[in-house]
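Down below is the structure, laid out as structure tokens.
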Amino acid sequence: QVQLVESGGCLVQPGGSLRLSCAASGRFFSIGAMGWYRRASGKERELVAAISSGGSTNYLDSVKGRFTISRNNAENTVYLQMNSLKSEDTAVYYCNAQIREAYYSGIYKPYWGQGTQVTVSS
């Protein structure tokens, strides 16, 4: 069974930094794109950052220049480095990964982590 386990969320002051991590475990053939989403209270879930298996990235406009997504393919892990945090970054952050479970399936399925709370407040 494939699992995504996130870590790194906590309370941080405005202007501070945090690094989120998400590791995939279990039996699978390969991982495609990986990404971070967030859902703030009373708002829709939104894509924060994504990274392809080849390393191409894209970001939500409001986090460009402040957040950096990266991945370690050998360790099946994706990271989100968040700098210059603002109160509007407060949300539950979810990791997503497109996973191909078996060589013969040829299909990538979306998997989600359990979510980690990031609170930016003084």
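Everything numeric in this text was worked out from a predicted model, so none of it was measured.
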For residues 3-10, run the donor-acceptor check on the side chains, cut-off 3.5 Å, and write out each pair with its distance to 0.1 Å, sequence neighbours left out.
residue, atom, partner, partner atom, Å
E6, OE1, Q114, N, 3.2
E6, OE1, G115, N, 2.4
E6, OE2, C95, N, 2.5

Listing, residues 23-36 side-chain donor-acceptor contacts under 3.5 Å, not counting sequence neighbours, or none:
residue, atom, partner, partner atom, Å
S30, OG, Y108, OH, 2.9

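Legend: salt bridge (Lys or Arg N to Asp or Glu O under 4.0 Å) pairs involving residues 105-122, not counting sequence neighbours, sorted by first then second residue: E101-K109. Listed by first and then second residue, the disulfide bond (SG atoms under 2.5 Å apart) pairs that reach into residues 25-72 come to none, sequence neighbours excluded. The salt bridge (Lys or Arg N to Asp or Glu O under 4.0 Å) pairs that include a residue from residues 11-23 number zero, where partners must be two or more places apart or lie in different chains. The salt bridge (Lys or Arg N to Asp or Glu O under 4.0 Å) contacts involving residues 88-99 comprise R38-D89, R66-D89, where partners must be two or more places apart or lie in separate chains. Counting only residues at least two apart or in different chains, disulfide bond (SG atoms under 2.5 Å apart) contacts with residues 35-74 are absent.
Relative to the six-membered ring of W112, R39 misses at least one condition, a distance below 6.0 Å or an angle of at most 45° to the axis.
Taking the side chain to side chain donor-acceptor pair (under 3.5 Å) definition, one finds that S17 meets it with N83, sequence neighbours left out. Here K64 pairs with D61 under the side chain to side chain donor-acceptor pair (under 3.5 Å) rule; sequence neighbours left out. Residues meeting the ring-ring contact (aromatic ring centres under 6.0 Å, His included) test with Y104, sequence neighbours left out: none. For T119, the side chain to side chain contact (heavy atoms under 4.5 Å, CB included) partners are L11, T90, Q117, S121, not counting sequence neighbours.
Note on I51: it clusters hydrophobically with L20, by side-chain heavy-atom contacts below 4.5 Å among ILVMFWY residues. Under a hydrophobic clustering in which Ile, Leu, Val, Met, Phe, Trp and Tyr are joined whenever their side-chain heavy atoms come within less than 4.5 Å, directly or via other members, Y94 and V63 fall into different clusters. The hydrophobic clustering, which links ILVMFWY residues whose side-chain heavy atoms are closer than 4.5 Å, places V118 and L80 together. Note on V120 and L18: same hydrophobic cluster, where clusters join Ile, Leu, Val, Met, Phe, Trp and Tyr whose side-chain heavy atoms are under 4.5 Å apart, directly or indirectly.
Residues near Y79 contribute nothing to a hydrophobic cluster around it, because no ILVMFWY side-chain heavy atom sits closer than 4.5 Å to its side chain.
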Next on the checklist: I'd like to know whether E46 forms a side-chain contact (heavy atoms from CB on, under 4.5 Å) with L60, so could you lay out the CA-CA distance, the side-chain angles of the two residues, the decisive distance to 0.1 Å, and finally the verdict.
Outcome noted: CA-CA 8 Å; E46 60 183 356; L60 181 68; 3.7 Å; yes
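Taking CG from L47 and CG from N96, the interatomic distance works out to 8.5 Å, rounded to the nearest 0.5 Å. Atoms OG1 and CZ, on T57 and F67 in that order, are 14.0 Å from each other to the nearest 0.5 Å. Expressed to the nearest 0.5 Å, how far CD1 of I69 lies from CZ of R71 amounts to 8.5 Å.
Using a 3.5 Å distance cut-off with no hydrogens or angles, the side chains of N73 and E75 do not pair a donor with an acceptor.
Counting heavy atoms from C-beta outward, T116 and V92 have side chains that stay 4.5 Å or more apart. Put simply, the side chain of V48 does not reach to within 4.5 Å of the side chain of Y59, judged on heavy atoms.
The two residues P14 and S122 make their nearest non-hydrogen contact at CD-N, 3.7 Å.
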